[in-house]
Amino acid sequence: MERISPHQFMMISSGVLLGTTFFPVAQLAAGAAGRDGWWSVLPAYSLGIPLGLMVYTLMRKYPGQNLLQITEGILGKWVGKLIGVLYVVISAYFGALLLGQVADAFRRSVLPLIPVSVYSVTIMLLVILVAWAGIEVFARFAEVVFPIVVLGLIITMILSISRFEWEEFYPVLGNGLTPVLAGVLKIAPFPMEYILFLAGLLTFLPTVEQEQRQVKTGIWRAIILVGVLDALLTLTEIMVFGPAEAQRLNYGLLALGKMIEFAKTFAGIESIFMLVWMGAMITKIGAFYFMAFWGMQSVFGVNKSWKWFLLLGGSFLLLSSLPEGGVELLGEITLVDESVILPFTVGWILLVWSVDRWRKGVRRG
Amino acid sequence: MIKDLTVRGKNRKVRKAPWKPADAQGDNPLSASQVRTVLGKSSDIVFRDFVIRGAEDIRCLLVVVDGLVDKSILDEFILKALMFDLKRQPELTRQLTTASAPQIVLERLAPANEIKKISKLEEALDAILSGDAVLFFGEKPEALVIGVRAWANRGVNEPETESAIRGPREGFTETLRINTSLLRRKIKHPSLQIVSLKVGTITRTNVVVAYIENLAQPDVVDEVLRRLQAIEIDGVLESGYLEEMVEDLPYSPFPQMFFTERPDVMAADLLEGRVGILVDGTPIGLVVPAVLTQFLQVSEDYYERAIIVILARFVRYLGTLMALLAPAVYVATTTFHQEILPTSLALNVAMGREGVPFPALLEAVFMILALEILQEAGLRLPRASGQAIGVVGALVIGEAAVKAGLVSPIMVIVIGLTAISSYTIPSYDLGIAIRLLRFPLMFLAGVMGFFGIGLGLYGLLIHLLSLRSFGTPYLSPVAPLRIRALLQDTFVRAPWWALKRRPDLVDTDEPDSGGQK
């Protein structure tokens, strides 16, 4: 049985949480809360902490099972299967949308003349490769890639400081807290995507008591780390472009990369940054690929074989080609995030956790 | 956690040679006539018949391989002792019969320090062919093996492939026993274990596995022995045979076993809990488990002051990256991403490429191929001629190609930089892997620019992350992160006085290094 260490858990969690969120986060936050959008990001991410801790509690109580298996045990076989099917469909569809988003971003920023399918297929091949190698390798991949991705983001932000329009920072909370709360709702699906991944990851987490406690701290540490990072990124985009432009730009980070100039010599280096961020994209899409496969294993009992891996990869490619790129794709991602992932995750985790607590109370009573 | 990873390697199948090896093992009874029949056709086998006068006349046969034994020892301490000195001991002479001879000679008559009794034909053949003398007494099914091995061998010289400015000047030789003695001279502790085995059904090559008990993980030692014992092959002439037969993933371009000619390097590895493998007939020893960063370290890193090593290692890592990526980045930049260059530089590049009839990808491929040919040609020639080839290649062909407009001057600079960078890689095996991987990366860069390079690099990363060497992840201590090893002895080396615990690149039972507390 494959196992990952607490440090790898922290890195894989951070990697999946961050994923491709650095593309839309500023647009969504600024769209909902204007110049105060960056205030929304950390509270939105924090919403994932209680749900993560609920999943952790269930893991401690039902060792060796993922949340799908736990759900079957608590809510019954058929409800469990139904949730499992939803889990597979959501993971596959949303993962495919992210694949489409990544391919679209590359086509727009790096090489516009290459067909988008070339990007999709090649990235998918890497995802299948890392998924086939197993969760240990995936965790090690996150261990290597996540710090580099963070470094890339920090460098981008630092090199953008010279373009900051400081007056864009004020007034702070000029429209009160209501727009910030609206921003929280917009960003809230991001941590939920991670909670879904955590639900499937449970069986690979450490079983030693001390390491399990480290996993618990790993959950909130990862959420806060990525929350702060995305908040700073949102702030950077707002400070550079202003709130109106930040909410208009589909790939604000790429626009930021295009504006960066280093030592008055090198400019237009967003294609190099894209190389770095590609690792984060593979991590995120890989996470959804794993989720879909774990769901298939739990619901349909499929085994690890090339046949299923390629079939799932093919489905990702097919689904990713359905929406057009650009605004339509981002709209679809936002729709699935807000209307499906957020309610599904909150509802599922709360239901399973509550029923388990209620049963415990009944047994005690 | 790592123990669990190590054990997993046990399920790995050991590859077998594609041909069926001849059976040279067995359990046949021993007799002098049988040995004469088996070995009698070979002109280098010496059969010396003589008679010992005891209570009865005992017809003896001494069998040795000419050239593998010390004849003076044989004459002085065996033949003279039995044929002449025995006469001065009448009491012993009276007891000596064909039946009692092996025991009496063993205990009282042969003043040799290595002597033992054997009773199987295969043991006798093995001993004779390994350079021992075997003494038969009539047709008695027992014989004595006397250690008189001595053959012409190269002395202990400085290893050519791992020369060092500072450090010992001795290297392994082709004689296994000299090599084990070199190790033993460095580690004078009873916990140094040297386990012998034979590999190769025809060559019967002596192989030793060296490790330090309590430091090396028993799982790893057992796994090394298991994989070596499971090898089925006719002959082993170099440690490379074993490497290919026991490595974890044979289709990877990356070396999964570290090789060294230096006893000090192997001793240092053993002290870190690794396992060494020495093969008779080659000065190249193997060390497992191996991790990628190990291939970018040299012995001097541990003999120079730590502060100096920081720069040396940085240069090596940078050189490795440049050797891998420089041509691909050139192709991607000139073909797709001119915007990242400053305008003046972009203009220079464009002017240089003006009139070059090939796309950047082809230009780079041609030049790298030319470099590979020059390197391969220089490698096999005598040293002086090799240097001449370098001069001809670099100056004559390079400059002529630029003047003829076949390649751009910047391309020549890139290739020169690539070649020089590749010489910073201390490991020949890793250097070859990097040279090999340049080609697909150049191709990807030529087709998809930086995105292609990204694809190649991430694919490479995934491959490296899934590699293991005898259970140890190949990218350790970076992934899985082992913070102590990373800080102590990976990109930098901590000073010796700060190394209170072993860098845990490999799991050891005893993490305390015994350093300054």
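This one's a predicted model, so the numbers in the text were calculated from it and none came from an experiment. Below, chains carry the letters A, B, ... as their sequence lines are ordered, and counting in each starts from 1.
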Are there more than 12 heavy atoms of other residues, nucleotides or ligands under 6.0 Å from atom [atom1] of [X]?
| X | atom1 | value |
| --- | --- | --- |
| B:F443 | CZ | no |
| A:W308 | CH2 | no |
| A:R221 | CZ | no |
| A:E209 | CD | yes |

Are A:K258 and B:E339 within salt-bridge range, i.e. N to O under 4.0 Å?
no

Chain B heavy atoms under 4.5 Å from [X]: which part of the residue, side chain, backbone, both or neither?
| X | result |
| --- | --- |
| A:L126 | both |
| A:L129 | both |
| A:V208 | neither |
| A:Y119 | both |
| A:F106 | side chain |

[atom1]/[X] to [atom2]/[Y] distance, rounded to the nearest 0.5 angstrom?
| X | Y | atom1 | atom2 | value |
| --- | --- | --- | --- | --- |
| A:I282 | B:L455 | CD1 | CG | 7.5 Å |
| A:E143 | B:L481 | CD | CG | 5.5 Å |
| B:I462 | A:F138 | CD1 | CZ | 9.5 Å |
| A:L111 | B:F451 | CG | CZ | 8.5 Å |

Taking every non-hydrogen pair under 4.5 Å, which of A:V144, A:V118, A:I114, A:T122 racks up the most with chain B?
A:T122

Ignoring hydrogens and geometry, is there a side-chain-to-backbone donor-acceptor pair from B:Y458 to A:G279 under 3.5 Å?
yes

Just by modelled atom types, is the B:L465 backbone N or O under 3.5 Å from a matching donor or acceptor in the A:R140 side chain?
yes

Could you report the tightest heavy-atom contact between A:M278 and B:G454, atom names first, then the distance?
CE-C, 3.8 Å

